[in-house]
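Here's the structure we're looking at; comments come further down.
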Amino acid sequence: MKNTVEVIANILGNPSVIKTSSEAKQLHAQIVKRQGNAILFAKSAAIILSVYANFNLLRDCLSLFNAFRYPAPGKAWKSIIRCCASNGNFEESVAFFKKMRAAGKLPDRNVFPSLLKTCAAHLGDLRFGEAVHCCVIRVGLDSDLFTGNALMNMYVKLEPLNARDVFDCCSEPKWPFRFYNCLNRTVSSGSYMQDYKDKFEVVDEKLHSSDENASDEQMIVDDYVSLKNNVRRSNVDCSDGEIVVVGSVLGKRKNSVEKVFETMPVRDVVSWNTVIGGHVQNGMYEEALLTLKDMGLGNLRPDSYTLSTILPVFAKYVDVRKGKEIHGYAVRHGHDKDVFIGSSLIDMYANCMQLEYSYKVFGLSPQKDRVSWNSMIAVCVQNGCFDDGLRYFREMLKAGVEPVAFSFSSIMPACAHLAMLCLGKELHGYIIRRGFDDNIFVASSLMDMYAKCGNIETAKWIFDKMEFHDTVSWTAMIMAYALNGHARDAISFFEKMEMEGVKPNSGSFLAVLTACSHGGLVDEAQMFFDRMTLGYAIPPGIEHYAAVSDLLGRAGRLDEAYEFICKMHIKPTDAIWLTLLSACRVHKNVELAEKVAKEVLAIDPESVNAYVLLSNVYVDVGRWKEATKLRTTMRKKGVKKNEACSWIEVV
DNA sequence: CTAGGGTTAG
């Protein structure tokens, strides 16, 4: 008897000897059998509680905790808060923290990390997180390493949500926002950049002459001011009509992450990784790289977390050389088997148009998890390798990895592009059985698939069933109408979307412009184009220009189309000119056709289409000599027509 | 005795 008590006391003195939850329960049972002394019970119960918390046994923790007489001892509080947090019971965790404060117990260094994790995962409540930060300072734990790391993580997760309000970011960048996005990258030169340079100079003058009547340009002034304030290292170079922004422009005022970081007396790899990750998440890539450099200047070596955090930066920069350097570093330091790094590498190589390397990395990774499979599927589909995407999807199923919502929204565009309605429907069935059909990503991709397969009713049915519509799901519906020739429906849906307060983005405008293009609605298209560029300040992409110029051309407004293309702020592609060229053929405008063909050949001297189309124009107006001459030139140059092919699905 | 990471839709 006495022996047992001694054993129990020994174990309680060194609880780390308990290796399994069943041992913990045995110990608990022995204590319950012998309880009599309330104080002794309280002491041992707190220890058992922390052991239960280590094994993540929430129910046992709760029943044990509730048996305490109020107020429970300090050790019990931190165990229960930790256990609730790691079980995902965030509200309860916070509630216990509040009760603990009310009971006058001082939280210590073990409480805050789990509590802050709760704040971060609980999403959204930055104010509460800040309150906890205040509490940290008040109890004098702001110099604690783990607490500091947890604080930074909390700010990384919660502060961007706030920053978004500040900038009122619609999902698309506004024109001046292009500057924010062209970090370390040359922006294509063109009239638009020159325009902006001029405007900025005008505004600059206005600002310095403190002319108060600049209201008509207020928006530009505002953006200009914020831009100027945001550029920290004076690295906007407008010298030759090209604007190159080197370095982060979003790194305006210091954010809380940086503030916490700077006040930390001791930092470890986790601290650095958290700051780097925060920068990456906020799109502050240059800051992230600088921080990485600073980290190397100290005695800290990047670990596998660091590498998988920094790789997306090179994916965004499309800098495969730097990405490979990281890959090499990972191999040299034995991190190349890490699944997280593997997934980042797959994505990075694919973004840098080196899909072959993505395949290799994936093939060589010893353990493949859900994310690496899904990354592989996504990059295949995004790069147009639909068959490979489908193959990987099937292989994933064969490997026994359960598809998630992510998998379906990644694979569905493959069905859409290949117009494989049968497979799409099969997957739709799977999606419904798994209950993924209320996922907004999955639903949007399904709508797109049905629309591309001509099944507009089902697309509408899915749209109506969704409880919440975002820009993408609205856009998918507009595109569904557009692709199937319902131009007016597409337009009215666009207007409905605006009325519901959902901001259209560049994709939505592409959809509505496509609708106009298919419906021959020239004036409407121009109106929408202006609304996009002037009203919403969304910079048009090549597809928007293509839709409008194609429409103008087909309506016979050839000179307007030509003017329109010449005024583009990005370099026209040969494809854009070719659509105009074929419009010239339809409307038998030889002079313009010659001019346009010259433009195409300047971009692609071997362009078969330019030769063929121009010679067809000559044929159509009966200028046989010129047509023959052109065909001869073609043959001399060795330009050959490509063979065309198409396919259908046989059911 | 507590903290950090990767992939989606038009």
Side-chain angles (χ1 to χ4, degrees), chain A residues 15-16 50 53-54 75 78-79 81-82 85-86 107-117 120 141 144-154 156-157 171 268-278 280-281 303-312 315 338-348 350-351 358 362 369-379 381-382 404-413 416 436 439-449 451-452 470-480 482-483 504-512 514 543:
Chain A
S16 62
S50 83
N54 289 342
K75 203 174 162 65
K78 38 186 188 186
S79 298
I81 291 171
R82 174 161 56 96
S86 52
D108 69 354
R109 65 178 72 241
N110 307 318
V111 173
F112 284 112
S114 8
L115 184 71
L116 287 163
K117 184 183 172 187
L141 280 169
D144 177 61
L145 174 64
F146 277 68
T147 306
N149 287 347
L151 272 173
M152 290 194 295
N153 178 46
M154 184 271 294
V156 165
K157 296 262 164 62
S171 42
D268 66 354
V269 187
V270 177
S271 326
W272 287 92
N273 288 348
T274 308
V275 175
I276 294 171
V280 173
Q281 277 180 37
D303 65 358
S304 63
Y305 278 75
T306 325
L307 303 182
S308 61
T309 309
I310 207 70
L311 274 170
D338 184 295
V339 265
F340 284 85
I341 294 181
S343 306
S344 299
L345 281 172
I346 290 169
D347 192 54
M348 186 274 295
N351 245 303
S358 301
F362 184 70
D369 74 347
R370 183 183 288 177
V371 177
S372 54
W373 276 106
N374 285 322
S375 304
M376 205 54 229
I377 295 167
V379 301
V381 175
Q382 282 162 13
V404 287
F406 209 98
S407 325
F408 291 106
S409 53
S410 298
I411 197 65
M412 202 51 73
F436 291 136
N439 177 297
I440 196 155
F441 282 82
V442 174
S444 301
S445 66
L446 272 172
M447 284 167 59
D448 179 54
M449 186 275 296
K452 290 226 167 71
D470 67 351
T471 305
V472 176
S473 48
W474 276 102
T475 301
M477 199 58 232
I478 297 166
M479 197 53 123
L483 291 175
N505 61 20
S506 96
S508 326
F509 277 104
L510 179 61
V512 79
T514 305
E543 325 80 42

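Per chain, numbering begins at 1; letters A, B, ... match sequence-line order.
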request  = Check ring-ring contact (aromatic ring centres under 6.0 Å, His included) between A/W373 and all other residues, then give those that pass, not counting sequence neighbours.
outcome  = A/F362
request  = Quick one: label A/N110 by what it contacts on the DNA or RNA (base, sugar-phosphate, nothing), any heavy atom closer than 4.0 Å.
outcome  = base
request  = Mark yes or no for a side-chain to base donor-acceptor pair under 3.5 Å between A/S410 and B/dT8, with no hydrogen or angle criteria applied.
outcome  = no
inquiry  = Applying a 4.0 Å non-hydrogen cut-off, can you work out what A/D268 is touching in the nucleic acid: base, sugar-phosphate, or nothing?
reply    = base
remark   = Rounded to whole Å, the CZ-C1' distance (A/F112 to B/dG4) equals 19 Å
query = Contact class for A/D338 vs. all strands (heavy atom < 4.0 Å): base, sugar-phosphate, or nothing?
reply = base
query = Does A/D303 get its side chain close enough to the base of B/dG4, under 3.5 Å, for a donor-acceptor pair?
reply = yes
request  = Have a look at A/V339 and say if it touches a base, only the backbone sugar-phosphate, or nothing, with a 4.0 Å heavy-atom cut-off.
outcome  = base
query = If you take atom types as modelled and just measure distance, does the side chain of A/T309 reach the base of B/dG5 with a donor-acceptor pair under 3.5 Å?
reply = no
request  = Confirm from the modelled atom types if A/T274 and B/dG4 form a donor-acceptor pair under 3.5 Å, side chain to base only.
outcome  = no
task = Using only heavy-atom distances, determine whether the side chains of A/D448 and A/S445 contain a donor-acceptor pair under 3.5 Å.
result = no
task = Identify, with sequence neighbours excluded, every residue that meets side-chain contact (heavy atoms from CB on, under 4.5 Å) alongside A/N153.
result = A/A120, A/K157, A/T274
query = Looking only at heavy atoms, which two atoms of A/P107 and A/L141 are closest? And how far apart?
reply = O-CD1, 4.0 Å
